[in-house]
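Below is one structure, written out as structure tokens, with a few remarks after it.
Residue numbers begin at 1 in each chain, while the letters A, B, ... track the order of the sequences.
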Number of protein chains: 2
Amino acid sequence: MLNDPMPLTPIASAPQAEPEKRVRDRGATEKAILNAAKALLAEEGFQNFGINAVARKAGCDKQLIYRYYGGLNGLVDAIGADLGTWVKDRIPEDTGGMFLLTYGDLMERLSLLFLQALRDDPLMRRIVAWEVSENTEQVRRLSEARSKALATWLERMRGSLTPPKGVDAVAVNAILIAAIQHIVLSASAGGQCAGLALKASKDWEKAEQALKRIVRGVYG
Amino acid sequence: MLNDPMPLTPIASAPQAEPEKRVRDRGATEKAILNAAKALLAEEGFQNFGINAVARKAGCDKQLIYRYYGGLNGLVDAIGADLGTWVKDRIPEDTGGMFLLTYGDLMERLSLLFLQALRDDPLMRRIVAWEVSENTEQVRRLSEARSKALATWLERMRGSLTPPKGVDAVAVNAILIAAIQHIVLSASAGGQCAGLALKASKDWEKAEQALKRIVRGVYG
DNA sequence: GATCGATGTCGCCGCTCGGCGACATTCGAC
DNA sequence: GTCGAATGTCGCCGAGCGGCGACATCGATC
């Protein structure tokens, strides 16, 4: 994924194997930094996320992060902007709602899709965990970007379906989303949640079954 | 929150040289350390939780933490053991189940009780956030203690009621607990969750209403 | 060829961290 | 009284952190 850390160090001899010197390519460097930051966040979490770590991972000097992104905050903003692509990757065009007859059909499908998407996306998971653990400027920016991406995704998937009368869909859906996020986070961190094991796919089937039951219970 | 036997500590500030002589009381020092650790965790979260910070807050030398608790891990164990008291504080003896006719009644009540308890307990909130953010030895120990306390609480409150047939109560309840935990964490961190504001008591009423609806939907 | 801005690199600063060795003070047993 | 252990204190170490000034190198332009 990331370019190997340029063996330009003249330890033994002049590298004849490299006819062309590594180009000074600001765009590539910026990309390397951004990718390193995303990868670092996804792999290590926000605990060890800092200027030095990103620079190490990107194989560049940390000064460049200051120059190109204005420091960690700017870099986090860039990650947030990059999060917009999350939506496009996760909209199945073909099942755009024409087979979803009821709001319950829709929410059942969305719940399972969101669950799966979160399980498959370590970066998103780390960001969610970050959101509930800190309240710094960086987190706020990232959180806003994620929130917007999620809202856009829900909006696009919803189509023209409307929730049944008498149900506060915003509140209910917030709770459903909260449940999904926390279940995935718990599983990712400790392999279980409130006594429910969440490791084998059999475990996840039980969770999905329960989730469907809950959605159907409230939305019919 | 915690009884402070020493009137010398000003509010959340490093204790200066007291005119009053400080007695050599190992028990009191141990208590001060434990209280400082709990308070620090509750107030600052796990980000800045370390030997130096605890010692500073306790107004003692960090060496004593090593001596008395065997380091941070032992101190965390002590916090975990202390968590057992959580159960006793939150069992209303009078409404021990005799007015709860159905499992749905029970779970509705438990959900709201748990929600309120979490909202009122910053330490517990921080621990939950810690659980989903890290997977270190310390977190594992603390998490286990919390899990056991929660399970005990649920067990005692459940009484003799049994869930309806055909419902995977373990899975469903895990999702409900996950939802509550994440809602409270999100609110605590950012004042909202998935587009649902969670600041004013009016907001919380909406959330509670939605939660009740969900519980009733699945448990009747 | 000389110049100058863009790009990349190096090393220092002050700080906090966890850990620990060494010392100071007090108290109880004898 | 004496002495040893319990209790409390001090300061150092190596490491990592964010931040930044100064330098090195390259490419385009004149």
Side-chain angles (χ1 to χ4, degrees), chain A residues 2-11 14-15 18-34 36-37 40-41 44-77 134 136-139, chain B residues 5-6 8-9 14-34 36-37 40-41 44-77 134 136-139:
Chain A
L2 299 170
N3 51 353
D4 38 8
M6 308 195 295
L8 48 76
T9 47
I11 299 177
E18 312 229 354
E20 248 184 312
K21 215 71 184 298
R22 278 287 180 267
V23 282
R24 295 192 164 205
D25 187 344
R26 168 160 179 168
T29 303
E30 284 181 354
K31 217 168 219 174
I33 292 174
L34 182 60
L40 193 62
L41 197 50
E44 309 279 338
F46 56 93
Q47 313 291 342
N48 302 322
F49 186 73
I51 283 282
N52 291 289
V54 172
R56 256 198 311 271
K57 183 123 188 163
C60 74
D61 196 276
K62 59 181 173 178
Q63 186 73 18
L64 301 184
I65 301 178
Y66 286 109
R67 282 224 266 267
Y68 296 158
Y69 290 97
L72 256 198
N73 281 347
L75 183 53
V76 168
D77 279 343
E134 263 188 327
T136 62
E137 187 61 26
Q138 290 173 10
V139 165
Chain B
M6 298 178 296
L8 47 85
T9 50
Q16 292 300 326
E18 282 80 24
E20 194 175 358
K21 198 94 188 287
R22 177 88 158 267
V23 281
R24 293 190 167 212
D25 185 345
R26 168 160 179 168
T29 304
E30 284 182 354
K31 218 168 217 175
I33 292 174
L34 182 60
L40 193 62
L41 197 50
E44 309 279 338
F46 55 94
Q47 311 292 340
N48 301 323
F49 187 73
I51 284 281
N52 291 290
V54 172
R56 231 177 291 127
K57 181 121 190 165
C60 74
D61 196 275
K62 59 181 173 179
Q63 186 72 19
L64 300 184
I65 301 177
Y66 285 110
R67 282 224 266 266
Y68 296 157
Y69 290 97
L72 256 197
N73 282 346
L75 184 52
V76 167
D77 279 343
E134 264 188 323
T136 62
E137 186 61 26
Q138 291 174 10
V139 164

(request) Calculate the interatomic distance between A:Arg56 atom CZ and C:dG8 atom P; express it in whole Å. (result) 20 Å
(request) Establish, with yes or no, whether the OP1 or OP2 oxygen of C:dT7 is under 4.0 angstrom from a side-chain nitrogen or oxygen of A:Thr29. (result) no
(message) Whether B:Tyr66 contacts C:dC20 is assessed here as follows: a side-chain N or O lying under 4.0 Å from the phosphate OP1 or OP2. Is that the case?
(response) no
(message) What verdict does the side chain to side chain contact (heavy atoms under 4.5 Å, CB included) test give for A:Tyr68 and A:Gln63, after you've listed the backbone C-alpha separation in whole Å, the side-chain angles of each residue and the deciding distance to 0.1 Å?
(response) CA-CA 9 Å; A:Tyr68 296 158; A:Gln63 186 73 18; over 6 Å; no
(message) Please report the distance, rounded to the nearest Å, between CG in A:Asp25 and P in D:dA28.
(response) 12 Å
(request) Write down the atom of B:Ala36, the atom of B:Lys57, and the distance for their closest heavy-atom approach. (result) CB-CG, 3.7 Å
(message) A side-chain contact here means heavy atoms from C-beta on lying under 4.5 Å apart; do A:Asp77 and A:Tyr69 qualify?
(response) no
(message) Is there a side-chain contact between A:Tyr68 and the phosphate of C:dG8, meaning an N or O under 4.0 Å from OP1 or OP2?
(response) yes
(message) Are B:Leu34 and B:Glu30 packed together at the side-chain level, in the sense that at least one heavy-atom pair is separated by less than 4.5 angstrom?
(response) no
(message) Between C1' on C:dG14 and CD1 on A:Ile51, what's the gap in Å once rounded to a whole number?
(response) 17 Å
(request) Please state how far atom CZ in B:Phe49 lies from atom C1' in C:dG18, giving the value in whole angstrom units. (result) 14 Å
(request) Rounded off to whole Å, could you give me the CZ-to-P distance for the B:Arg26 and D:dT7 pair? (result) 5 Å
(message) Whole angstroms only, please: what is the NZ-C1' distance between B:Lys62 and D:dC13?
(response) 10 Å
(request) Round to the nearest Å and state the distance from A:Gln63 atom CD to D:dG18 atom C1'. (result) 11 Å
(message) Quick check: on DNA chain D, is the nucleotide nearest A:Asn52 upstream (toward 5') of the one nearest A:Arg67, or the reverse? Name the residue that is more 5'.
(response) A:Asn52
(request) Can you tell me the distance, in whole Å, between the CG atom of A:Asp61 and the C1' atom of D:dG21? (result) 12 Å
